[in-house]
Amino acid sequence: MPIMNMIEAINNALHLSFERDPDVVAFGEDSGYYGGVFRATKGLQEKYGTERCFDAPICEQGIAGFAFGLALYGLKPVAEIQFSDYMYPAFDQIVNEIAKSRYRSGGQWPVPMVIRTPYGGGINGGLYHSQSPESFYTHAPGIKIVIPSDPYEAKGLLLASIKDQNPVLFFEPKKIYRSSKADVPTDYYEIPLSKARIAKEGSQVTLIGWGAIHHVNMDAAKLAEKEGISIEVIDLRTIIPYDIETLDASVKKTGRCVIVHEAPRTSGFGAELSATLHERNMLHLHAPIQRMTGWDTHYPFSFDYEYYPNPKRILWAIKQTLEF
Amino acid sequence: MPIMNMIEAINNALHLSFERDPDVVAFGEDSGYYGGVFRATKGLQEKYGTERCFDAPICEQGIAGFAFGLALYGLKPVAEIQFSDYMYPAFDQIVNEIAKSRYRSGGQWPVPMVIRTPYGGGINGGLYHSQSPESFYTHAPGIKIVIPSDPYEAKGLLLASIKDQNPVLFFEPKKIYRSSKADVPTDYYEIPLSKARIAKEGSQVTLIGWGAIHHVNMDAAKLAEKEGISIEVIDLRTIIPYDIETLDASVKKTGRCVIVHEAPRTSGFGAELSATLHERNMLHLHAPIQRMTGWDTHYPFSFDYEYYPNPKRILWAIKQTLEF
Amino acid sequence: MAKAPKLPVHQILDENGELLKGASVPDMPKEDIVELFKTILKVRVIDSRMFKMQRQGRIAFYMATQGEEATHVGTAYALKPQDWMFPQYREHGAAFVRGLTLQQFINQIFGNSGDLNKGRQMPMHWGSRNLNLVTISSPLGTQIPQCAGAAYAMKIKKKDSVALAFFGEGTTSEGDFHAGLNFAGVYKAPAIFFCRNNGWAISTPFHRQTAAENIAVKAVAYGIEGVRVDGNDLFAVIDIVRQARERAVKGNGPTLIEALTYRLSSHSTSDDPSAYRSEEKDDGPWKLKEPAVRLRKFLGNQGLWSMKEEQDWEKACEKELLDAIKVAENTPKPEMDALFEDIFDELPWNLREQKSQLITFLKNEGKR
Amino acid sequence: MAKAPKLPVHQILDENGELLKGASVPDMPKEDIVELFKTILKVRVIDSRMFKMQRQGRIAFYMATQGEEATHVGTAYALKPQDWMFPQYREHGAAFVRGLTLQQFINQIFGNSGDLNKGRQMPMHWGSRNLNLVTISSPLGTQIPQCAGAAYAMKIKKKDSVALAFFGEGTTSEGDFHAGLNFAGVYKAPAIFFCRNNGWAISTPFHRQTAAENIAVKAVAYGIEGVRVDGNDLFAVIDIVRQARERAVKGNGPTLIEALTYRLSSHSTSDDPSAYRSEEKDDGPWKLKEPAVRLRKFLGNQGLWSMKEEQDWEKACEKELLDAIKVAENTPKPEMDALFEDIFDELPWNLREQKSQLITFLKNEGKR
Ligand SMILES: Cc1ncc(C[n+]2csc(CCOP(=O)(O)OP(=O)(O)O)c2C)c(N)n1
Ligand SMILES: Cc1ncc(C[n+]2csc(CCOP(=O)(O)OP(=O)(O)O)c2C)c(N)n1
Ligand SMILES: [Mg+2]
Ligand SMILES: [Mg+2]
């Protein structure tokens, strides 16, 4: 099995999809000839022609609306939004249209599609190249949200997303696009959506994260272990609809939970997880669920270190729950 | 003191602002000559001219962006989005621009403004005339969110919002635009932002809501009282930044809490409140905080009754927390 | 100096029902002309009855299309069944021409279990997958880039078909209008963008919507064809849409059509136009130009139509309508399951739980 | 048929530094021509040095404007100090002409405590309230309706000023472009929309951005003035912006200016243009047309400039720059307070709590 970085794994998944299904098309700003600014769609146009992989004008609302039309007609668009920070002009098309089409038409007009977009901080990108906006979309019923944490995951989850019968927002942790490497089979495989992954079993505290943060959580778990604390680390993978069974079971087992994400705390997805897990597992909890998150500020260029959750802070939160 | 409905109170507040401050301007789709489809801006153009109160082309992203420019230059725009369901095309201007301008410029370019918009269900409006999208905006630091529950509140909170030095989204519960009536002083007065209102004191369960739901909560409290249950009803008024002191104190006192909102449950603002109140008050809680909310669906035309929280359901949730 | 190109307004039938000099009726059987005229009359019968129904509180909401019927009736006729239409909301004539039954239309308004949308949307949000009528959604302009996408899909699938989006002149101000026309232009998608310029967007007149001379010139911004047509002239509409269709399927790119018409009705049942326009000054001149007047004269001159036939036809429409309303009123609302279905292809755990919670509530509330 | 109007490209100075027949230098002191030329050279010195700095890992990011300097240097010169500019990101020449100091510019790139933005944004996001330079933000096109709003505010406040937005041709595809120009058109706001058509939007060439013949014709869609200018001709740019300004302050409405130029540099330090364009075929012809070549010849012909002066000036610029960099590198980053300030005018409770939590963390991490 070759070792791939995340971009290579995503690119590989796209090539496989194009090969297997002639209805898959990919487009976005600079996605065609150039293969995308992160080169995720590299080689697709060369191999499959300008009809199936093409450049979009700079217009995110257009990209989302156009993808809607393609999906309605029965194609399977995999659209790229160049940075998730720039997805908001498409918010109406995503939240009012893509999310609602199946429902409002009584099931007549589903629009299965994938919108891929790089997200996240830790790269000195400042306000507009660091955002983790996944939580905004969690409040809109009708769209799935998937976030992979490494190349193997990225390929399997992307292939499952392309196969899925619903619209999927696929957020890619660009911080680890090239740094995360894994053995990735060249063949087609899917990782089922809505199944979380217990990356490390443990007994004292459940640690939940996704994307690039998952690795920070793993590091935090190592720090904790050095101090004799046993951590269960869960990579959520699918944010909506998420795997409540795995979370409930883990929290019931450990009685303690820390949720970590990059996005600002207020109304970040940690809030929903915390509220739901409290509601369902109160009697099993030895301490309130903690959130270790980005601050309630915008992403500050010169304070990347201060902003981004790190293993020591997560350890601090772990200890808080243990000492509660 | 005259009795006004909510539209009259809002209209009165706008007239007072126009009179006191020549920099206040109002605009939106049909806001000028006609005075708005709900007539909130009625009489402003007639009295103050087309320069200060005017119609906008049908373009919500334009309305928000244009308001940004007005505010930047020192005017105080009060823009109207005809229905909050149609605010999403402006999401980028609101979340990436209006919310971030002060911060990204090091404080050089604040954009104080008000965006008013009718919201909420219970009116047989279906998917696109019933939404309660406030929670989407709570995840964007830098914008205040205010929701009045009656005409007296609407006037005082709107005047405070217009005076405020920050961007404010002012969501108006259109379900009770005309049905809610109150004595409203004709003079200028402000109700301070970020102060919740204890509408009814009680000892056993804290009930939190805002907007039209506040009245449903009051009705639920009456039902509960008939069964000998003492409810403290809080009208949150300002959603961001909300009044944590009042909430903490109430929850500490009662040890039980139900949060009610119209929006879908997942990542509705109830999630943030629940998470935060659990984190801070776990040891005082006798039961997990309950959320009684809209379902995780779109707003269904033919199931308005089934969708909208009602007093009986709230009573049910109250009893759940009591019997926990 | 960027002068807008002067664009003539295509017209065939004048306001007196006479053919313009040198103009001829588009190639179509005479019976079809009668049929389309009858559809226009039927739409009027429906509009006026449904308006009253709303006033009586029997339906929640309604939007009439009085005066604008030729724009959509003609367009639908000019298209082929495999062509897709993305309506805005004021084009139910197109639905009937395409084959939506009156019962389906009325069921949608009632949101009952016979509604193809399962009762989920407000009145006037019809649509049918079988008929290639994309279900209407309220946010303005969103259908425009969607239409461009569907058209592009047809192109790369090498179909002999086009996608057409209807919208009002007010909607051209939305960013999505810009997006849709630009994408369609760049990809030469077989799309038709049909603007009903009916003079008003609720209370806002055309000249406060844009400073452009007209809507059709906006085509220049996207390198696509732009044409103007008398939207109250059924023949001219059919002709111009056929031309646009031809251009599209031949690979010559999209067309923006501006159809000049007038919203004789109020915006919707929620609207009171007397607050912002004068019946005499604003509406008056347009009442003389409306499509039914012209067609009635034209068909009368040809001996194809009489007032007697009109009265009979209107009576028949009225009866069909009242029957459909009765059926709709007696059709139960959708099963409660419909509240939770179709968010995704399958019910996720949260909706399963919420559904059983609602069942508990409804029992508790004596509703089940 | 909606034919786009033919718009001439305004030009004064040809590629050999000669005035076109019948053309004359805009009314301005000779020293100002020299000054502007020197600014162009200075921008080049900065661009090439900062590019290298990024390669050395000393700064995070950079965007050069090589070949396009005349567009913004000329524009800023044609405006008055009370006029507002909303830049996109590739117009730092305008900042220097307006009075932003090199030190301020460099401090912004370093995000240090001397940065007017308090270190909050990536490099190339300068701005200064004092200088009426609206702080840059990354999302493309958002500044366009904002500029319309500011211009309208000037109009109703009866100021003798205009608001100008810069943007690239790629950005004209955004919905916000449509919004901004349409609003400005309807309200006749004293706005100028200045498009640098530099041929490329990252890897996307103009003809894949829009099927329109050019950008200026898009003015027709908004009923506003649209003009084209040789963006590599400093004099023509000054002339055309002055005309647009005149029009605006006289109440004759906004102008869309399309300046034809070329992005000789890569898009940014993250970009590799060799993957999508040919230096020889694509860039080659434009190297001959770039603004400095022309001005150098023109000034040389007039005896106003020599190669010796150029070398001295470049050396002086280099020195000033290195000094500024040294200062910037030695200026500490902003106080941690700056992370939490300016979300609102006052710190709300959650930020107060979070700030004290961060202080705990930093102590714990040995960072404080
Ligand atoms: C995005 C959005 N903004 C606002 C509205 C509210 N609204 C409904 S219809 C309408 C006027 C539309 O005018 P036009 O496009 O000219 O169509 P017409 O009603 O004249 O047929 C408005 C503003 C909406 N439905 N969607
Ligand atoms: C809303 C948004 N979408 C995408 C981007 C990413 N992006 C940054 S610059 C750029 C190209 C802009 O091209 P153009 O407007 O022609 O300006 P130029 O770089 O040529 O000066 C893109 C796509 C962005 N910054 N904002
Ligand atoms: Mg209209
Ligand atoms: Mg460009």
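Numbered from 1 within each chain, the chains take letters A, B, ... in sequence-line order.
Ranked by heavy-atom pairs under 4.5 Å with chain A, the list C/Ala150, C/Ala179, C/Pro348 is led by C/Ala150. With respect to chain C, the highest number of heavy-atom pairs below 4.5 Å among A/Asn96, A/Ile143, A/Val111, A/Ile244 belongs to A/Ile244. Of the residues considered (A/Pro77, A/Pro141, A/Ser105), A/Ser105 shows the highest number of contacts with chain C, using heavy-atom pairs under 4.5 Å. Between chain A and the options C/Pro145, C/Ser138, C/Pro334, the largest number of non-hydrogen pairs under 4.5 Å is found for C/Pro145. The residue among C/Ala189, C/Ser137, C/Gly119 with the most heavy atom pairs within less than 4.5 Å of chain A is C/Ser137. Most heavy-atom pairs under 4.5 Å with chain C: of the set A/Arg52, A/Lys144, A/Glu60, this distinction falls to A/Lys144.
Within residues 80-104 of chain C, the residues that have a heavy atom under 4.5 Å from a heavy atom of chain A are C/Trp84, C/Phe86, listed by number. Heavy-atom neighbours of chain A within the stretch residues 153-164 of chain C, taken at a separation under 4.5 angstrom, comprise C/Ala153, C/Met154, C/Ile156, C/Lys157, C/Lys158, C/Lys159, C/Ser161.
Atoms OH and CG, from A/Tyr73 and C/Asn132 in turn, are 7.5 Å apart once rounded to the nearest 0.5 Å. With values rounded to the nearest 0.5 angstrom, A/Arg104 atom CZ is found 10.0 Å from C/Ile136 atom CD1. Atom SG of A/Cys59 sits about 7.5 Å away from atom CG of C/Asp176, to the nearest 0.5 Å. A distance of 7.5 Å separates CG in C/Asn350 from OH in A/Tyr242, rounded to the nearest 0.5 Å.
Side-chain contact check for C/Glu174 versus A/Gln61: every heavy-atom pair is 4.5 Å or farther apart.
Residue C/Ser128 touches chain A through both its backbone and its side chain, counting heavy-atom pairs closer than 4.5 Å. Of the atoms belonging to C/Arg129, heavy atoms from both backbone and side chain fall under 4.5 Å from chain A.
Ring pair A/Phe27/C/Tyr187: centre-to-centre distance not below 6.0 Å.
By the 30° and 60° cut-offs, the orientation of the rings of C/Tyr152 relative to A/Phe54 is tilted.
Pairing each heavy atom of C/Phe183 with each of A/Ile63, the nearest pair is CZ-N, 3.6 Å. In terms of heavy-atom proximity, A/Ile240 sits nearest to C/Phe344 at CG2-CZ, 4.2 Å.
The closest donor-acceptor contact from the side chain of A/Asn166 to the backbone of C/Asp345 lies under 3.5 Å. The backbone N or O of C/Leu339 lies less than 3.5 Å from a partner atom in the side chain of A/Tyr103, making a donor-acceptor pair.
Of the N and O atoms on the side chains of A/Gln93 and C/Gln146, at least one donor lies less than 3.5 Å from an acceptor on the other residue.
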